[in-house]
Chemist: 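My questions will all concern the structure given below.
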Amino acid sequence: MLDKAFDPAAMEARLYAAAEAAGVFSADPARPAAPFTIVIPPPNVTGSLHIGHALNNTLQDVLVRWRRMQGRDALWMPGTDHAGIATQMVVERLLAAQGQERRAMGREAFLRRVWEWKAESGGAITRQLRRLGASLDWPRERFTMDEGLSRAVIEVFVTLHKQGLIYRDRRLVNWDPKLLTAISDLEVESREVKGTLWTLRYPIEGAPGRFIQVATTRPETMLGDTAVAVHPDDPRFADLVGRFAILPLTGRRIPIIADAYSDPEKGTGAVKITPAHDFNDFEVGRRHGLPMPNVLDPEARICLEEIAGELAEIPGVAEPDFVRALAGQERFAARKAILEKLEALGLLEKAEPHTHQVPHGDRGGVPLEPRLTWQWYCDAATLARPAIEAVETGRTVFVPKQWENTFFAWMRDIQPWCISRQLWWGHQIPAWYGPDGHIFVERTQQEAEAAARAHYGREVALRRDEDVLDTWFSSALWPFSTLGWPERTPELAKHYPTDVLVTGFDIIFFWVARMMMMGLHFMGEVPFRHVVIHGLVRDERGQKMSKSKGNVMDPLELIDAYGADAVRFTLCALASPGRDIKLSKQRMEGYRAFATKLWNAARFLEMNGVRPDPAWKPADAKGMLARWLLEKADAAAFEANRSLEAFRFDDYASGLYAFLWNTYCDWFIEFAKPVLNGPDGPEKEEVRGVAQHVLGLALRLLHPVMPFVTAELWEKLGYGDAVALTTTPYPEGREAAAEAGAALVDQAIEAISAIRSARSTLNVPASAVLPLRVSGAQTQGIRAFAPQIMRLARVAEPEFVAAAAEGAGPGAFCAAMGAELFLPLAGVVDLAAERARLGKERARAEAERAKLEAKLANPGFRAKAEEAVVAETEERLQDAAAEIARLDAALTRIAN
RNA sequence: GGGCGCUUAGCUCAGCGGUAGAGCGCCUGUCUUACACACAGGAUGUCGGCGGUUCGAACCCGUCAGCGCCCA
């Protein structure tokens, strides 16, 4: 017997553990079944499950469970990425708490410590995904720093290097002065900062008293200025182009150049050029062959090594001693000192408040410095071409499709990808340097040594590059490295290309783009057929959730409060394509009620002797109620499949919600009650049969989104083992096709609704049982379901007469699909109220008739509209007219 | 500045050429022996404005307005 109350907490852990232990979440490459594959977008190993993960993984799990039930060899690949910067920061923080520092302990000891941390506290998220019910193939779990995946990384790096698609270059990077590493363009967060725009005066060489003014928000970089640029067409500066300015403080001679980069409308129209510290200036510097001295060290302190030799004393303009004193000063302190000095020299024209965008590191949180360094680069533009083409030709399809534009926009303008990071935690770059700096890129130290021997003709000492690769470099390989590549494993052969990648739009650049590039280059085929982009989960007011706002919803707390099924169902039901989700506890309460409803319906059937019966054949069902329910169930199953095929998780959820609650509970079970309470016999057997059959169908249909309550009911009711539901075939259903017998149920439903509405409007006491007189050409539904109508509409045994309302005195009149219903209400009915009710219905019918008449009166409509539409319109007009006639007759009877 | 999206019932959202829908909320009634996390009934919409295409527009096109996001 089912418990009275549905208690998710009591069953979830047990059900999940049983399924995991039974191995039903695992793929089997030996099975002949067609594969269905999703690789999880690898969460960060330092991370914990947030509501965005809950959405992302719920959607993946729904797809995987559904396809698995369809018989596909489903593989949902789990794992995490090593998150170079984040993990290194976590461990460094732990060390700091113990008074230790990574440099002091050395690289090897530090890495040991990181692995220890990973073993102890890494991957909390994988345990949390289990609480969500995610049916990942855990025995196949991978980690980007695994031996196998690391091998793939080395293989890819070496291969791309030999192909000339990876190279070393000295370019500007986004440098994080706190983390002391280059970071990706995508890890740069533009923050609006209220700063100051300073205008500086640079003296013109050979023109005493003449200055050129330049505006800057970072005056400390002026030490590295190597030119002043003006627009070629700007008449104000035409005579200065080709001459020189004297850079204050350092006394350097810098040319005044013409370059269209300078915007005559902006600032003073002249702009200082600091090639080593600004991306735009770097390009200008390249175009004009300017020197590019670096004046900031890795921690963004002033360093003078590259300009020390050229400092020159110029009275009133340049003071080498002052500049020398700046060495080692932190950038903002140096800024202050430089401004004070310039002001003292009369070279600071003005300072204006200025709001501008300042790039910050999204991890470290400090302003970044563009910095000129040697780094490893990947030729993304070349790799992007086939990826763009794959999307253009539809080999990979985005859902919703408009995200393809975002993908194209970024891919078509892709910059060289800086793949080296000045970290210790990560894949160390397989490059070795000879004594003269010659580079050997090989898979192993031994191979590098052999190459060096061949190159130099003798043994030499090699030094390995200390840098590691961007975490995304290994993530980019995820769709094939996790399947065993570069080994040619059965999994790789069977499951690549994968079917779907499910992710948020913010990750199109990170994952989608890079996986596409690497997948196509190394596997010759796209990594996934579909990319499903879902929205962001926001709070109920549409605000982004954040710790600082205090509006975060913890999925684990939600699971505790509402059950994993309710959390999953809510996320699914709200996942409309292309829209963010506004999540509220109220919504979740509503869907928890749905799980409870399912539980209670099952309990009711169990109490009424409904038991699973695999031998029961729907095709043998004869009764109208059974046919009606089977038809609705088939349509619901069909729609569920269709919705999931189209990745319409919202339609899938709401369609089943409506079927279970409205069709199955509100009508079928209510219709079944008189039969279940009645005498034993074939009719009761058939109702029990169809009830168990369709409940079993509903449990299967709902299982992908509500795996826990469905599995529990499946087992407790006796359909089978809870674990076995995971691989029980998913119902296919078929398109709705109305059966004649089933229409009689609809008539009974309509009669009940009409009577209920009349009773309520006329204030008939709920407990009063009214007589019912029925007439009309179509009354079979009323006859067939009289007991149901009596019970649900609270009426006496229907009396079938020639004309329902004739000679019965005052009463209420209504109609149901060709049947006329009359409720004699002598002494009960308020005739004025009934007149008002009928009048209102008449007005509604009249409006309908007017609309349809106008439409049919339009010659264009008859001439051009489809025939079926015209016919339907005519039919509706007749119905409206008949309804008006009936209502008129009823009104006449109770006139006065 | 460039691009994308959104604007439909009080709220959150479906619908995207032929009868305006759902959930929640609201109002009224009900302990009808599965379920008050329930049942029944009800009210509420110039489908953002304007213009166009069409026999017909919430839906297609143009335009304006407001909101949001991404990239400079």
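Since we're looking at a predicted model, the values are computed, not measured. Letters A, B, ... mirror the listed sequences (proteins, then strands); counts begin at 1.
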Chemist: For B:G42 and B:C67, measure between their P atoms and round to the nearest Å.
Modeler: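 Looking at atom P only, B:G42 and B:C67 are 40 Å apart.
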
Chemist: Using the C1' atoms only, state how far B:U19 lies from B:C47, rounded to an integer number of Å.
Modeler: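 Going atom to atom, C1' in each nucleotide, I get 16 Å.
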
Chemist: For A:Glu404, check side chain to side chain donor-acceptor pair (under 3.5 Å) against everything at least two apart and list the hits.
Modeler: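 Result, side chain to side chain donor-acceptor pair (under 3.5 Å) vs A:Glu404: A:Lys401.
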
Chemist: Across the strands shown, which category fits A:Lys840 at heavy-atom distances under 4.0 angstrom: base, sugar-phosphate, nothing?
Modeler: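 The residue A:Lys840 makes sugar-phosphate contact but no base contact.
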
Chemist: Can you tell me if CZ on A:Arg642 sees more than 12 non-hydrogen neighbours from other groups inside 6.0 Å?
Modeler: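 No, not enclosed.
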
Chemist: Hey, which sits more toward the 5' end of RNA chain B by its nearest nucleotide, A:Arg876 or A:Gln357?
Modeler: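 In this pair, the answer is A:Arg876.
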
Chemist: Can you pull every protein N or O that's under 3.5 Å from an N or O on nucleotides 22-26 of chain B?
Modeler:
unit_1	atom_1	unit_2	atom_2	d
B:C24	O2'	A:Gln586	OE1	3.0
B:C24	O2'	A:Gln586	NE2	3.3

Chemist: I'd like the P distance from B:C11 over to B:G49, given in whole Å.
Modeler: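 Pairwise P distance, B:G49 against B:C11, rounds to 16 Å.
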
Chemist: Taking the basic N atoms (NZ, or NE/NH1/NH2) and the acidic carboxylate oxygens, is any pair closer than 4.0 Å for A:Lys855 and A:Glu872?
Modeler: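 Salt bridge flag = no for A:Glu872 with A:Lys855.
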
Chemist: Assign A:Arg592 to base, sugar-phosphate, or nothing according to its heavy-atom contacts below 4.0 angstrom with the strands shown.
Modeler: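 Touches a base.
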
Chemist: Do you know the tightest heavy-atom contact between A:Pro41 and A:Val502?
Modeler: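 Result for this residue pair: CG-O, 3.2 Å.
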
Chemist: Can you tell me if A:Glu875 has over 12 outside heavy atoms packed within less than 6.0 Å of its CD?
Modeler: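 Count not over threshold, so no.
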
Chemist: Given 3.5 Å as the limit, does a donor-acceptor pair link the side chain of A:Asp651 with the main chain of A:Ser643, or not?
Modeler: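 Not at all, since once roles are kept as given, no pair shorter than 3.5 Å links the two residues.
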
Chemist: Between B:C24 and B:C61, how far apart are the P atoms? Round to whole Å, please.
Modeler: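 About 34 Å, rounded to a whole number of Å.
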
Chemist: Measuring from A:Ile789:CD1 to A:Glu750:CD, what's the distance to the nearest 0.5 Å?
Modeler: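 Spacing of CD1 (A:Ile789) from CD (A:Glu750) equals 11.0 Å.
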
Chemist: A:Asp185 CG to B:C70 C1': how many Å, rounded?
Modeler: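 Rounding to the nearest Å, CG of A:Asp185 and C1' of B:C70 are 15 Å apart.
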
Chemist: Using the P atom in both, what is the distance from B:G66 to B:G21, to the nearest Å?
Modeler: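 Going atom to atom, P in each nucleotide, I get 33 Å.
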
Chemist: Can you tell me how far the CG atom of A:Leu695 sits from the CG atom of A:Leu660, to the nearest 0.5 Å?
Modeler: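 Reported value, rounded in 0.5 Å steps: 8.0 Å.
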
Chemist: For B:U46 versus B:G41, give the span between their C1' atoms, rounded off to a whole number of Å.
Modeler: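 My reading of the C1' atoms in B:U46 and B:G41 gives 28 Å.
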
Chemist: Find the distance A:Asp539:CG to B:C11:P and express it as a whole number of Å.
Modeler: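 Taking CG of A:Asp539 and P of B:C11, I get 17 Å after rounding.
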
Chemist: Using a 4.0 Å cut-off on heavy atoms, which residues in residues 559-584 of chain A reach RNA chain B? List them by number, or say none.
Modeler: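 A:Ser576, A:Arg579, A:Lys582, in order of number.
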
Chemist: Looking at A:Arg844 and A:Glu841, does any basic side-chain N land under 4.0 Å from a carboxylate oxygen?
Modeler: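 No, no charged N to carboxylate O under 4.0 Å.
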
Chemist: Between B:G5 atom P and A:Ile533 atom CD1, what is the distance in whole Å?
Modeler: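 From A:Ile533 CD1 to B:G5 P: 14 Å.
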
Chemist: Please state the C1' separation for the pair B:G10 and B:A57 - nearest whole angstrom.
Modeler: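 Those two atoms are separated by 27 Å.
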
Chemist: To the nearest 0.5 Å, tell me how far A:Met11 CE sits from A:Lys716 NZ.
Modeler: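 With rounding to 0.5 Å, CE (A:Met11) is 6.0 Å from NZ (A:Lys716).
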
Chemist: Please report the distance, rounded to the nearest Å, between CD1 in A:Ile669 and P in B:A40.
Modeler: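 After rounding, the reported distance stands at 12 Å.
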
Chemist: B:G42, OP1 or OP2 - any side-chain N/O from A:Ser757 closer than 4.0 Å?
Modeler: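 Answer yes for this pair, as a side-chain N or O of A:Ser757 is under 4.0 Å from OP1 or OP2.
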
Chemist: Considering only residues two or more places apart or on different chains, which pairs with a residue in residues 572-588 of chain A satisfy salt bridge (charged side-chain N to carboxylate O under 4.0 Å, His left out)?
Modeler: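 Pairs touching residues 572-588 of chain A that pass the test: A:Arg538-A:Asp580.
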
Chemist: Ring centres of A:Trp599 and A:Phe6 under 6.0 Å apart?
Modeler: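 Under 6.0 Å, so yes.
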
Chemist: Just to be sure I understand the rule, does A:Asp413 reach a base, reach only the sugar-phosphate, or reach nothing, if contact means heavy atoms closer than 4.0 Å?
Modeler: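 Result for A:Asp413 = nothing.
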
Chemist: Between the protein and nucleotides 27-32 of chain B, which nitrogen or oxygen pairs are less than 3.5 angstrom apart?
Modeler:
unit_1	atom_1	unit_2	atom_2	d
B:U32	O4'	A:Arg794	NH2	3.3

Chemist: Name all pairs fulfilling the side chain to side chain donor-acceptor pair (under 3.5 Å) condition that reach into residues 856-870 of chain A, sequence neighbours left out, sorted by first residue then second.
Modeler: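 Qualifying pairs: A:Arg862-A:Glu874.
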
Chemist: Atom NZ of A:Lys4 and atom C1' of B:C37: how far apart are they, to the nearest Å?
Modeler: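 Going from NZ in A:Lys4 over to C1' in B:C37 covers 12 Å.
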
Chemist: Give the dot-bracket line for RNA chain B from 5' end to 3' end: parentheses for intra-strand Watson-Crick or G-U pairs under 3.5 Å, square brackets for crossings, | for inter-strand pairing, dots for unpaired.
Modeler: ((((((((.[[[[.)..(..]]]].(((((.......))))).....[[[[[..)....]]]]]))))))).

Chemist: Give the rounded distance in Å between these two atoms: CG of A:Leu536 and P of B:G5.
Modeler: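 Going from CG in A:Leu536 over to P in B:G5 covers 18 Å.
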
Chemist: Under 3.5 Å, side chain of A:Arg756 to main-chain N/O of A:Leu792, donor-acceptor pair present?
Modeler: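 Yes, A:Arg756 side chain to A:Leu792 backbone: donor-acceptor pair under 3.5 Å.
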
Chemist: Tell me whether the side-chain N/O atoms of A:Lys597 come closer than 4.0 Å to OP1 or OP2 in B:A34.
Modeler: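 False: A:Lys597 side-chain N/O out of range (4.0 Å or more) of B:A34 OP1/OP2.
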
Chemist: Which parts of residues 401-408 of chain A get close to RNA chain B, meaning a heavy atom less than 4.0 angstrom away?
Modeler: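 Contacting residues: A:Gln402.
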
Chemist: May I have the step-by-step check of salt bridge (Lys or Arg N to Asp or Glu O under 4.0 Å) for A:Arg592 and A:Glu589, ending in yes or no?
Modeler: CA-CA 5 Å; A:Arg592 175 182 58 185; A:Glu589 281 165 16; 5.1 Å; no

Chemist: Of the nucleotides B:A34, B:A14, B:C70, which one has an atom closest to the side chain of A:Arg648?
Modeler: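 Nucleotide nearest to A:Arg648's side chain: B:A14.
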
Chemist: Let me confirm one number: the CD1-CZ distance from A:Ile414 to A:Arg514, rounded to the nearest 0.5 Å.
Modeler: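 Answer for the CD1-CZ pair, A:Ile414 versus A:Arg514, is 7.0 Å.
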
Chemist: At under 4.0 Å between heavy atoms, how does the protein contact nucleotides 52-61 of chain B? Give one character per nucleotide, 5' to 3', with B, S or -.
Modeler: ---B------

Chemist: Students often get this wrong, so: under 4.0 angstrom with heavy atoms, is A:Ala601 touching a base, only sugar-phosphate, or nothing?
Modeler: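 Touches a base.
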
Chemist: What's the spacing between A:Ile752 CD1 and A:Ile755 CD1 if we round to 0.5 Å?
Modeler: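 One finds 7.5 Å between CD1 of A:Ile752 and CD1 of A:Ile755.
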
Chemist: Could you work out the separation of B:A9 and B:U44 based on their C1' atoms and round it to a whole Å?
Modeler: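 The same atom, C1', in both gives a distance of 6 Å.
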
Chemist: Identify whether any heavy atom of A:Glu606 sits under 4.0 Å from a base atom; if not, whether one sits that close to sugar-phosphate; answer base, sugar-phosphate or nothing.
Modeler: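 The residue A:Glu606 makes no contact with any strand.
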
Chemist: Test: ring pair (Phe, Tyr, Trp, His ring centres under 6.0 Å). Region: residues 840-884 of chain A. Which pairs qualify, not counting sequence neighbours?
Modeler: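 The answer is none; no pair qualifies.
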
Chemist: To the nearest 0.5 Å, what is the distance between CD (A:Glu670) and CD1 (A:Ile749)?
Modeler: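 So the gap between those two atoms works out to 11.5 Å.
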
Chemist: Measuring from the side chain of A:Arg756 (C-beta onward, heavy atoms only), which nucleotide among B:A14, B:A34, B:A40 has the closest atom?
Modeler: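 Per side-chain heavy atoms of A:Arg756, the pick is B:A40.
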
Chemist: Output one line per pair: protein atom, nucleotide atom from nucleotides 45-48 of chain B, and distance, for all N/O pairs under 3.5 Å.
Modeler:
none

Chemist: Closest approach of A:Trp714 and A:Gly696, non-hydrogen atoms and distance?
Modeler: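 Nearest pair, atom of A:Trp714 first, then A:Gly696: CZ3-O, 3.6 Å.
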
Chemist: How would you list, by chain and number, every residue that makes a ring pair (Phe, Tyr, Trp, His ring centres under 6.0 Å) with A:Tyr657, sequence neighbours excluded?
Modeler: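 Testing A:Tyr657 for ring pair (Phe, Tyr, Trp, His ring centres under 6.0 Å), a comparison that skips the adjacent residues, returns A:Tyr591, A:Phe594, A:Trp661.
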
Chemist: Please step through salt bridge (Lys or Arg N to Asp or Glu O under 4.0 Å) for the pair A:Glu834 and A:Arg837, ending with a clear verdict.
Modeler: CA-CA 5 Å; A:Glu834 173 66 352; A:Arg837 187 181 74 91; 2.9 Å; yes

